[in-house]
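Chain letters run A, B, ... following the sequence lines, proteins first, then strands; residues in each count from 1.
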Amino acid sequence: MRMTRFFGKTLREEPAEAETASHRLLLKSGMIRQVASGVYSYLPLAWRSLRKIEAIIREEMDAEGGQEVRMPALQPQELWEETGRKEAFGQSLFTLKDRRERFLVMAPTHEEAITLLVKANVRSYRDLPLLLYQIQTKFRDEARPRGGLIRVREFDMKDAYSFDADDEGLARSYEAMVRAYKNIYRRCGLPAVQVEADSGAIGGKDSHEFLLPTESGEDVMLQCPGCGYAANAERAESVKPPQPQDEEVPLPLGVVHTPGIKTIEELSAYLGVSKSKTLKAVFYSSDGQAVFIVIRGDLEVNEVKLKNLLHCRELRLLATDGEVEGAGLVAGWASPVGLKGVFTVADDSIKQGSNFVVGANRPDYHLRNACYPRDFQPDVMADIALAQAGHACRRCGTPLESRRGVEIGHVFKLGTFFTERLGAAYLDRDGVQRPIIMGCYGIGVGRLLAAVIEQNHDDKGILFPPAIAPYQAHLVALNVDDPQVSAAAEDLYLRLERAGLEVLYDDRQETAGVKFNDADLLGFPLRIVVSPRNLKQGSAEVKLRHEKEAQMVSMDEVVERAKATLQGQKEE
RNA sequence: CGGGGUGUGGCGCAGCGGCAGCGCGCCUGGUUUGGGACCAGGAGGCCGGCGGUUCAAAUCCGCCCACCCCGACCA
């Protein structure tokens, strides 16, 4: 493709709306253009790269026996009501009405549709196992789209669905998908980390996420350098830091004046006690019901663990003072001691140690020496604390480390949630009807592109891994007014294309600086420069994007050298 | 949904009661030619929308909308 004919322009100025590297570079390189919040058009560069990512995904899915299908984006709302997922998705679900006033859903994912499809086609255990997948546009009305292609409302996603007769089969399917995902990330040049994940509202057994470590990531993972344990912070377990003076004897409860002291920070400083010797009170609304949480002052509540514990649909902090007071609580000085009529959940950290400082349930006073269970008894006691860096690993005791990351894949063992609700069953060897056992496995294609750029860039621009670069080579002609240059460049362009290389040919009348900067910004693996200076030696310059030095190659050998160099890159 | 911010040409921004501007990009001509050149001439705007105040509104006031960031949310 000639750049003079090419659709898409690079920007000189930094786009103001972009914060993360991938968002900035996608805009600056002219690959994407925003149409609405979380909705983008994809220009040729982006689309070429996305199609390559899809091709890799297809190859790896097919290699594990996957078969591609296509399903509707438009689905009847009843289908989503049957599985209860209209409720589960809530406002994230895009819905619309047709001319006959029937309600439809713009599918955010396709478990329902695929289950119906399988139900219609599977009768016997002989039809199983089955691995189906689709790469299609999905719609989610996200609360907050962000980060360019990281979180969008209309996006292409590969979803694979496995159907097995038993748990062993599911385990095999799951392992196959984990294997495929690792291959996909490797081929895209992404050092993904597999972490244990929360399985969400639907439940199910195992679930793993693949995270790309990056500061701009939305997720936090905890990793153990000792034994390799890795989990999303939502899910991670840890040994809570032990109390220093565990054997001290319980002292009598006492009142202490704490004017205006509301936070744990202030309390700890004011009284000169460590945060772990205080108890923190947090209030939530669980499906509209007020819940009182007690947790040691040095820990934070893990809302996912709490949500799973309460089996509620919506969990949020009590927002306003009015809500807090309405529940009979005193913000800032709330306490489980003497509290009545509010459902109370305690983190099991409070069992460690004694003589805690807690609120007094009246403004400007706290209590000293509160002890469990002497002074209060919660309704439920469980692990609801957020694991943090520095906490010891449950398995080996090594201090955990934390990192941020972008989720670039998620695999679930779903079990029979959908097949039971939608009646997808098979007859086993003994003629007994059983629900089919499902797994599902998702990768966002656009997010993967963003992740690749997030991972592979420098201050000049993108460094595309060869496997997914929009073009393999950037042919730059310097001083195209020089007939010798244009003739030599034209000839080389044709020879490169004939040799099967994907090449973007910069035949524009621009200065060297503009062309080099654009080449660095777009970041194709190979750059080839034809210029008067090089031609004097009968040569062109061949340079890899990630290397500093170019090599002079005689014009006759450029095509071969380019092919060989790219081949070498792919094998790395 | 809560908090913060921004809407002025394709991009980045200034102007904040009195003729709508600057830089980049774009078009034409010329000079240049190895890391975002120079000169000259040009095109391009319902100043997010609606309403109000005023002799006069991009500018002041009100309402609305869109977009960005933080949080909530997130199969």
Side-chain angles (χ1 to χ4, degrees), chain A residues 8-20 23-24 27-28 30 33-39 83 85 88-93 107-112 138 140-148 150-153 155 157 159 161 197-204 207-209 216 218-219 232 234 284-285 303-304 307 313-320 323 407 409-414 417-418 438-444 447 460-461 476-482 485 508-521 527 529-536 541 543 550:
Chain A
K9 280 205 166 32
T10 59
L11 302 177
R12 254 187 217 202
E13 316 265 353
E14 298 292 331
E17 67 185 39
E19 302 273 316
T20 57
H23 189 193
R24 192 169 48 78
L27 289 171
K28 196 177 181 197
R33 175 93 187 185
Q34 187 173 44
V35 175
S37 180
V39 179
T83 56
R85 290 220 299 175
F89 267 95
Q91 290 208 294
S92 299
L93 205 60
T109 174
H110 286 75
E111 282 82 6
E112 280 82 357
K138 315 232 168 181
R140 291 181 195 174
D141 196 357
E142 294 288 348
R144 184 151 88 87
R146 74 181 94 181
I150 294 293
R151 181 168 291 278
V152 290
R153 299 194 295 169
F155 56 101
M157 183 160 161
D159 257 327
Y161 306 97
D198 181 66
S199 50
I202 304 305
S207 175
H208 288 89
E209 287 172 340
S216 60
E218 299 176 306
D219 288 279
N232 190 308
E234 293 175 344
Y284 282 93
S285 161
E303 295 189 2
V304 171
K307 197 171 172 183
R313 218 176 62 239
E314 189 205 41
L315 182 75
R316 59 178 176 83
L317 284 166
L318 285 188
T320 63
E323 274 188 306
E407 181 186 347
H410 203 154
V411 294
F412 291 87
K413 288 185 179 173
L414 287 175
F417 182 90
F418 294 97
M438 274 179 83
C440 75
Y441 318 91
I443 287 187
R447 185 183 279 192
K460 302 290 265 178
V476 177
L478 256 36
N479 198 352
V480 289
D481 288 343
D482 182 331
V485 168
R508 297 174 303 171
Q509 291 200 313
E510 290 287 353
T511 58
V514 171
K515 294 192 172 200
F516 287 147
N517 278 300
D518 274 346
D520 287 342
L521 175 61
R527 189 186 78 187
V529 179
V530 175
S531 72
R533 202 172 79 185
N534 294 344
L535 277 182
K536 273 185 201 144
E541 251 168 72
K543 177 185 159 313

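- Of the listed nucleotides (B/G35, B/U33, B/C73), B/G35 has the atom at the smallest distance from the side chain of A/A512.
- Within 4.0 Å of A/R140, counting heavy atoms only, lie sugar-phosphate atoms of the nucleic acid but no base atom.
- Between A/R151 atom CZ and A/S37 atom OG the span is 12.0 Å, to the nearest 0.5 Å.
- Taking the C1' atom of each, B/C26 and B/G10 are spaced 8 Å apart, rounded to whole Å.
- Among all heavy-atom pairs drawn from A/R153 and A/A36, the shortest one is NH2-CB, 4.4 Å.
- Between A/T511 and B/A37, a side-chain N or O to OP1/OP2 separation shorter than 4.0 Å is present.
- Taking NZ of A/K28 as the reference point, atom CZ of A/R12 lies at 10.0 Å (rounded to 0.5 Å).
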Using a cutoff of under 3.5 Å, can you pull out all pairs of nitrogen or oxygen atoms linking the protein to nucleotides 64-68 of chain B, with atom names and distances?
unit_1, atom_1, unit_2, atom_2, d
B/C67, OP1, A/S37, N, 2.8
B/C68, OP1, A/Q34, NE2, 3.0
B/C68, OP2, A/S37, OG, 2.9

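- The side chain of A/R33 contributes an N or O atom lying less than 4.0 Å from OP1 or OP2 of B/C11.
- Here the side chains of A/T83 and A/E111 are not in contact, with every heavy-atom distance at 4.5 Å or above.
- Across B/C61 and B/U54, the matching P atoms stand 16 Å from one another, rounded to whole Å.
- Mapping A/R533 and A/P15 onto RNA chain B by nearest heavy atom places A/P15 closer to the 5' end of the strand.
- With a cut-off of 3.5 Å on both pairing distances, the Watson-Crick or G-U wobble partner of B/G21 is B/C13.
- Contact annotation for A/K307: backbone-only contact, meaning every heavy-atom pair under 4.0 Å involves sugar-phosphate atoms and none involves a base.
- With both ends at atom C1', the span from B/C19 to B/G30 equals 33 Å, rounded to whole Å.
- Rounded to whole Å, the P atom of B/G7 lies 30 Å from the corresponding atom of B/G42.
- Residue A/R447 comes nearest to A/E407 through the heavy atom pair NH1-O, 2.8 Å, listed as atom of the first residue, atom of the second, then distance.
- A side-chain donor-acceptor contact under 3.5 Å links A/D481 and A/Q509.
- With a cut-off of 3.5 Å on both pairing distances, B/A72 has no Watson-Crick or G-U wobble partner at all.
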(request) Classify every nucleotide of nucleotides 20-31 of chain B by which part a protein heavy atom approaches to under 4.0 Å, writing B for the base, S for the sugar-phosphate alone and - for neither, in 5'-to-3' order. (result) ---BSSS-----
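- With both pairing distances under 3.5 Å, B/U6 is matched to B/A66 as a Watson-Crick or G-U wobble pair.
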Every protein N/O lying under 3.5 Å from an N/O of nucleotides 41-43 of chain B:
none

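- When the nearest nucleotides of RNA chain B are assigned to A/V529 and A/F89 by heavy-atom distance, the more 5′-ward of the two goes with A/V529.
- Comparing the same atom, P, in B/A56 and in B/G23 gives a spacing of 34 Å after rounding to whole Å.
- Rounded to the nearest Å, the gap between the P atom of B/G15 and that of B/G44 is 26 Å.
- Straight-line distance between the C1' atoms of B/C13 and B/A58: roughly 15 Å, to the nearest whole Å.
- Nucleotides B/A66 and B/U53 have their C1' atoms positioned 26 Å apart, rounded to a whole Å.
- Two residues are said to be in side-chain contact when any heavy atoms from C-beta on lie closer than 4.5 Å; A/F412 and A/M438 fail this criterion.
- Atom C1' of nucleotide B/U33 and atom CZ of A/R508 are separated by 15 Å, given to the nearest angstrom.
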